Amino acid sequence: MAVNFLMHDKVWFDKFKYDDAERKYYEHMNGPVAGSSCQQENGASTILRDIARARENIQKSLAGSASTSSAGPGGDQGELVARIANLEAENRNLHSVVADLQLAISKLETRLSTLEKSSTSHLPSPTPPTQHVPPMKKVEPLAPTSKKVELPSASSGKKASAACFAAEDDEDDIDLFGSDDEEEDQEAARVREERLRQYAEKKSKKPGLIAKSSILLDVKPWDDETDMAKMEECVRSVQMDGLVWGAAKLVPVGYGIKKLQIQCVVEDDKIGTDILEEEITKFEDYVQSVDIAAFNKI
């Protein structure tokens with residue numbers, strides 16, 4: 001309302017001109033005024049002009065805001081109307097979907113109830129469990145006896161009951177199952193001991209594995225004039241329990257010197273490499289040194 005009112009309000013923008021004309025008229029009629037009064041009037045006129053310009057600027061800004069405000073609400077209102085229309089359409093769609101779901105659920109419930117009724121009506125009645133009755137034996141009639149049946153007296157009944165109680169006490173004192181368990185335990189222990197003894201005997205008769213090693217020896221001579229055949233003969237002359245010599249060959253070392261490579265198999269518990277080296281190096285005329293080229297467990 002204020003914006004519209006200011007738009008149609010008439011402002012006197014040229015009032016300062018009329019004020020100047022009025023001042024000049026009165027000056028002409030009354031004569032010249034002192035310089036101070038003229039300066040004051042000039043300052044007042046400039047102030048009035050500034051106020052008029054400010055009013056004009058305010059009027060222009062208000063007119064622009066009014067035009068934008070008049071255009072803005074219309075656009076916002078159109079957008080709101082469109083959104084409301086979309087929401088109403090979505091609401092109608094949701095109502096239709098909910099109605100369809102309710103209809104489908106009601107159909108399923110009715111179908112389920114009919115199926116339950118039909119299943120209960122068609123179920124066979126449970127038959128009672130049949131017991132296996134053994135075939136009855138043919139009962140032969142008792143032959144008539146000529147003996148007279150005597151009824152037991154009271155004293156005999158008391159004696160019989162006392163005998164029954166005594167027999168029951170004796171049965172309670174006898175542990176039938178305990179004796180059987182003890183006998184079974186003794187029998188099982190005897191069988192177990194017998195099997196252990198047989199296993200120990202069988203294991204003691206079985207020969208144990210003998211650990212053996214395959215050794216490749218490098219026997220080096222003193223020089224190239226050493227008789228290698230004689231040196232091999234000396235090496236093979238070493239005989240010990242658990243020692244078996246294998247193949248041998250001559251391998252060149254350099255400068256015409258060859259070494260003897262000989263293989264042997266030894267039992268680890270009986271022969272060691274130190275003893276073997278000592279026995280071979282005893283042949284000082286032919287053997288300079290003995291080295292182990294390869295050592296493998298068998």
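Small disclaimer: the values here were computed from a predicted structure and weren't measured.
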side-chain hydrogen bond (donor to acceptor under 3.5 Å, both in side chains) involving N86 - partner list, sequence neighbours excluded: none
Residues passing the side-chain hydrogen bond (donor to acceptor under 3.5 Å, both in side chains) test with R92, sequence neighbours excluded, are none
Can you measure from CG (N296) to NZ (K212) and round to the nearest 0.5 angstrom? 15.0 Å
Members sharing V253's hydrophobic cluster (side chains within less than 4.5 Å): none
Minimum heavy-atom separation for W222 and D285, please, with both atom names. CD1-O, 3.6 Å
Pairing of K24 and E27 as salt bridge, 4.0 angstrom limit: no
Nearest heavy-atom approach of I280 to W245 is CD1-CH2, 4.0 Å
The criterion is salt bridge (Lys or Arg N to Asp or Glu O under 4.0 Å); which residues satisfy it with E194, sequence neighbours excluded? R197
Are L243 and Q239 packed together at the side-chain level, in the sense that at least one heavy-atom pair is separated by less than 4.5 angstrom? no
Side-chain heavy atoms under 4.5 angstrom apart, residues restricted to Ile, Leu, Val, Met, Phe, Trp, Tyr: same cluster for V244 and I292? no
Say you draw a straight line from OG1 of T226 to NZ of K258; how long is it, rounded to the nearest 0.5 Å? 13.0 Å
Report yes if some heavy atom in the side chain of I275 is under 4.5 Å from a heavy atom in the side chain of M240; otherwise report no. yes
Donor-acceptor contacts, no H, no angles, side chain residues 261-272, under 3.5 Å, sequence neighbours left out:
unit_1, atom_1, unit_2, atom_2, d
Q261, NE2, D218, OD1, 3.2
Q263, NE2, S214, OG, 3.0
E267, OE1, K270, NZ, 3.3
D268, OD1, S213, OG, 2.6
D268, OD2, S213, OG, 3.2
D268, OD2, K297, NZ, 2.7
K270, NZ, D241, OD2, 3.3

Would you say that K259 contacts I257 through its side chain, given a criterion of any heavy-atom pair below 4.5 Å between the two side chains? no
Could you list the donor-acceptor pairs under 3.5 angstrom formed by side chains in residues 93-109, with sequence neighbours left out?
unit_1, atom_1, unit_2, atom_2, d
N93, ND2, A89, O, 3.2
H95, NE2, N91, OD1, 3.1
S96, OG, N93, O, 2.5
S106, OG, Q102, O, 3.3
S106, OG, L103, O, 2.5

Taking only residues two or more places apart in sequence, or in another chain, which ones meet D227 in a salt bridge (Lys or Arg N to Asp or Glu O under 4.0 Å)? none
Residues T281 and V290: closest non-hydrogen pair is CG2-CG2, 3.8 Å
Please determine if K60 and E56 form a salt bridge, counting it only when a charged side-chain N lies under 4.0 Å from a carboxylate O. yes
If you measure from OG1 on T273 to CD1 on I215, what distance do you get to the nearest 0.5 Å? 6.0 Å
Fellow cluster residues of L112, listed by chain then number, with links counted only when side-chain atoms sit under 4.5 Å apart: none
Qualifying residues under side-chain hydrogen bond (donor to acceptor under 3.5 Å, both in side chains), relative to E279, sequence neighbours excluded: K282
Reported CG-to-CG distance for the pair L260 and L250, which is rounded to 0.5 angstrom: 6.0 Å
Residues passing the salt bridge (Lys or Arg N to Asp or Glu O under 4.0 Å) test with D50, sequence neighbours excluded, are R53
Listing, residues 228-237 side-chain donor-acceptor contacts under 3.5 Å, not counting sequence neighbours, or none:
unit_1, atom_1, unit_2, atom_2, d
E232, OE2, R236, NE, 3.2
E232, OE2, R236, NH2, 3.4
R236, NH1, G246, O, 3.1
R236, NH2, G246, O, 2.7
S237, OG, C234, O, 2.3

ILVMFWY clustering at 4.5 Å (side-chain atoms), partners of L216: none
Can you tell me if Q198 has over 12 outside heavy atoms packed within less than 6.0 Å of its CD? yes
